[in-house]
There are 2 protein chains.
Amino acid sequence: MRKTNVITPFKKLSHVHQQCADSALSVAEETCNSRGVRLTKLRRRVLELVWSSHEPIKAYDILDILRNERSGSAPPTVYRALEFLQDEGMVHKIESLNSYVGCGAPAHNHASQFLICHSCGAVAEMDDIDIRNLIADKAADMGFKIDKEIIEVKGICSQCSGEYSSDKKC
Amino acid sequence: MRKTNVITPFKKLSHVHQQCADSALSVAEETCNSRGVRLTKLRRRVLELVWSSHEPIKAYDILDILRNERSGSAPPTVYRALEFLQDEGMVHKIESLNSYVGCGAPAHNHASQFLICHSCGAVAEMDDIDIRNLIADKAADMGFKIDKEIIEVKGICSQCSGEYSSDKKC
DNA sequence: AAAATATATGTTATATTATAACATAACAAA
DNA sequence: TTTGTTATGTTATAATATAACATATATTTT
């Protein structure tokens, strides 16, 4: 068993969230630069709003905020920015919540397993190679070849369950 | 590694689908009887429509059919029946497709891993204990306790990939 | 069997999530 | 600097889902 690659851990309530957002935004800038794609003001702002917390945000909640900032904002304004950010791996959609979370490791081809706390609403992201391999093996037993997997695990995080609160969070 | 519990396998194109539907419907009847819940005509019909193929069906596609059969059919007609059938484990929602598939093993508490072929559209369902355990272990490493997991794997089934076509399907 | 209760369905309205299509603007390349 | 490309503005509408209350049907109690 290999060590889990934790992309976005659960954070303590006391963490300085601005650092999460700042870091993600600057990784995004660099990544867009090196890929030759444009992180426009709008896209950057949408990414910032996605990063306003570790809880997934809804497209129309983003829109409500944008409408106070840019006249002419409409659903396509948001959905197009989200589409770009998803294509670049900077945002992931949580299918079971119709909501979006930021990703600080914008590789095009990593997989994700999301842990969603139904108490605090926070989402953690990992890409665990053992999980990927096991699912791939089991699928292969049925003759199935995997292109993409959606794994969204609901439960309760350490902080909310009151255990491990000091040692399992960053 | 334990053997995968295949709940709904991929089927050959030539399979007699009526048998799949008939079997699921009669299991549903028996299960509802033994649970003391009512598989009404409407619910039975909706379940039958869900079982009209192994491709997931959309709520409004069900509605379109119902409208030709019962005057007064409306979205709640379908969504309420689907909710009942999901609660009873006879239907699962595929979150990433906003669609519904039948389940022939209506336990209240089994988990599911769905394999979704993007070529033929068919969905297979398994409940593999190794996958559940591995994900639970990895989540526990982060202090997370799982209530429910959503696993939807996209790819290509054996028949569509042209391999194993005779030996991996039922 | 009749009344009371609980459950299921009918009905209207609306909320939520997302995309199509075409116009204009901003940027990049030639 | 004009040309092409990419991004955004704008209007409209499609697709998915739920709220709220009325009526009907089934079940239980009297």
Side-chain angles (χ1 to χ4, degrees), chain A residues 28-29 32-50 55-88 90-101 121 150 152, chain B residues 28-29 32-50 55-88 90-101 121 150 152:
Chain A
E29 302 265 20
C32 285
N33 278 340
S34 78
R35 287 179 188 166
V37 297
R38 285 159 57 199
L39 189 65
T40 60
K41 271 192 179 172
L42 172 60
R43 289 165 175 174
R44 193 181 196 289
R45 179 63 180 139
V46 169
L47 182 57
E48 196 171 59
L49 290 171
V50 169
E55 295 180 51
I57 192 170
K58 301 208 158 249
Y60 275 76
D61 289 341
I62 294 171
L63 180 55
D64 286 343
I65 296 168
L66 281 187
R67 282 192 153 126
N68 292 324
E69 301 176 350
R70 323 185 133 226
S71 75
S73 294
T77 312
V78 173
Y79 283 104
R80 285 192 291 225
L82 286 173
E83 184 184 30
F84 170 86
L85 294 167
Q86 288 177 270
D87 288 347
E88 297 302 328
M90 290 152 193
V91 162
H92 301 302
K93 181 177 184 184
I94 305 295
E95 295 287 348
S96 61
L97 299 175
N98 296 322
S99 299
Y100 302 84
V101 289
I150 293 164
E152 299 177 4
Chain B
E29 302 264 20
C32 286
N33 278 340
S34 78
R35 287 179 187 167
V37 296
R38 287 157 57 198
L39 189 66
T40 61
K41 272 192 177 169
L42 172 61
R43 290 164 174 175
R44 193 183 196 287
R45 181 61 180 137
V46 169
L47 183 57
E48 196 170 61
L49 291 172
V50 169
E55 294 180 51
I57 191 170
K58 300 205 160 253
Y60 275 75
D61 290 341
I62 295 172
L63 180 55
D64 286 344
I65 296 168
L66 281 187
R67 282 195 153 124
N68 293 325
E69 300 175 352
R70 326 185 130 224
S71 73
S73 294
T77 311
V78 173
Y79 283 104
R80 286 191 291 225
L82 287 173
E83 184 184 30
F84 169 86
L85 295 166
Q86 287 177 269
D87 288 347
E88 297 303 327
M90 289 150 194
V91 162
H92 300 302
K93 181 176 184 184
I94 306 295
E95 295 287 349
S96 62
L97 298 175
N98 295 323
S99 299
Y100 303 85
V101 289
I150 293 164
E152 299 177 4

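In what follows, every chain begins at residue 1, and chains take the letters A, B, ... in the order their sequences are listed.
With values rounded to the nearest 0.5 angstrom, A:L82 atom CG is found 5.5 Å from A:Y100 atom OH. Rounding to the nearest 0.5 angstrom, the gap separating the NZ atom in B:K41 from the CD atom in B:E69 is 12.0 Å. B:R45 CZ to B:I62 CD1: the interatomic distance, rounded to the nearest 0.5 Å, is 10.0 Å. The distance from the CG atom of B:D87 to the CZ atom of B:R35 is 10.0 Å, given to the nearest 0.5 Å. Going from atom CG of B:L47 over to atom CZ of B:R43 covers 11.5 Å, rounded to the nearest 0.5 Å.
Proximity of B:K41 to the phosphate of D:dA24: no side-chain N or O atom is located under 4.0 Å from OP1 or OP2. A close approach under 4.0 Å does not occur between any side-chain nitrogen or oxygen of A:N98 and OP1 or OP2 of C:dT16. Side-chain N/O atoms of B:K58 include one lying less than 4.0 angstrom from OP1 or OP2 on D:dT16.
Nearest nucleotide to the A:R38 side chain, out of D:dG9, C:dT9, D:dT6: D:dT6. Side-chain proximity of B:A74 to the nucleotides D:dT18, C:dA18, C:dT11 is greatest for C:dT11. When distances run from any side-chain atom of A:R80 to the nucleotides D:dG9, D:dT16, C:dT19, the shortest one goes to D:dG9. Out of D:dT18, C:dA8, C:dT19, the shortest distance to the side chain of B:T40 is found at C:dA8.
Among all heavy-atom pairs drawn from A:S73 and A:R67, the shortest one is O-NE, 3.4 Å. Scanning all heavy atoms of the two residues, the minimum distance from B:P56 to B:L97 falls at CG-CD1, 3.9 Å. Minimum heavy-atom separation, A:V78 to A:A59: CG1-O, 3.6 Å.
Rounding to whole angstrom units, OH of residue A:Y60 and P of C:dA18 are separated by 8 Å. The separation between B:L39 atom CG and C:dA8 atom C1' is 13 Å, rounded to whole Å. Distance, B:L66 CG to C:dT11 P: 14 Å, rounded to whole Å. In this entry the distance linking CZ of B:R67 with P of C:dT12 reads 11 Å, nearest Å. To the nearest angstrom, C1' of D:dT16 lies 12 Å from CD of B:E95. Atom CG in B:L63 sits roughly 14 Å away from atom P in C:dT12 (whole-Å rounding). Atom CD1 in B:I57 sits about 13 Å away from atom P in D:dA17, given to the nearest Å. One atom, CD of A:E83, and another, P of D:dA7, lie 11 Å apart when rounded to the nearest Å.
Overall, the helix from C:dA1-D:dT30 to C:dA30-D:dT1 carries an axis bend of 30° between its ends, with five pairs at each end and the value rounded to 10°.
Checking A:A59 against B:V37, the closest nucleotide of DNA chain C that is more toward the 5' end is the one next to B:V37. Residue A:S73 is the one, among B:P75 and A:S73, whose nearest nucleotide of DNA chain D lies closer to the 5' end (criterion: closest heavy atom).
Between the side-chain ring of A:Y79 and the base of C:dT19, no stacking contact exists by the 5.5 Å and 30° definition.
For B:R70 against C:dG10, no side-chain N or O and base N or O form a donor-acceptor pair under 3.5 Å.
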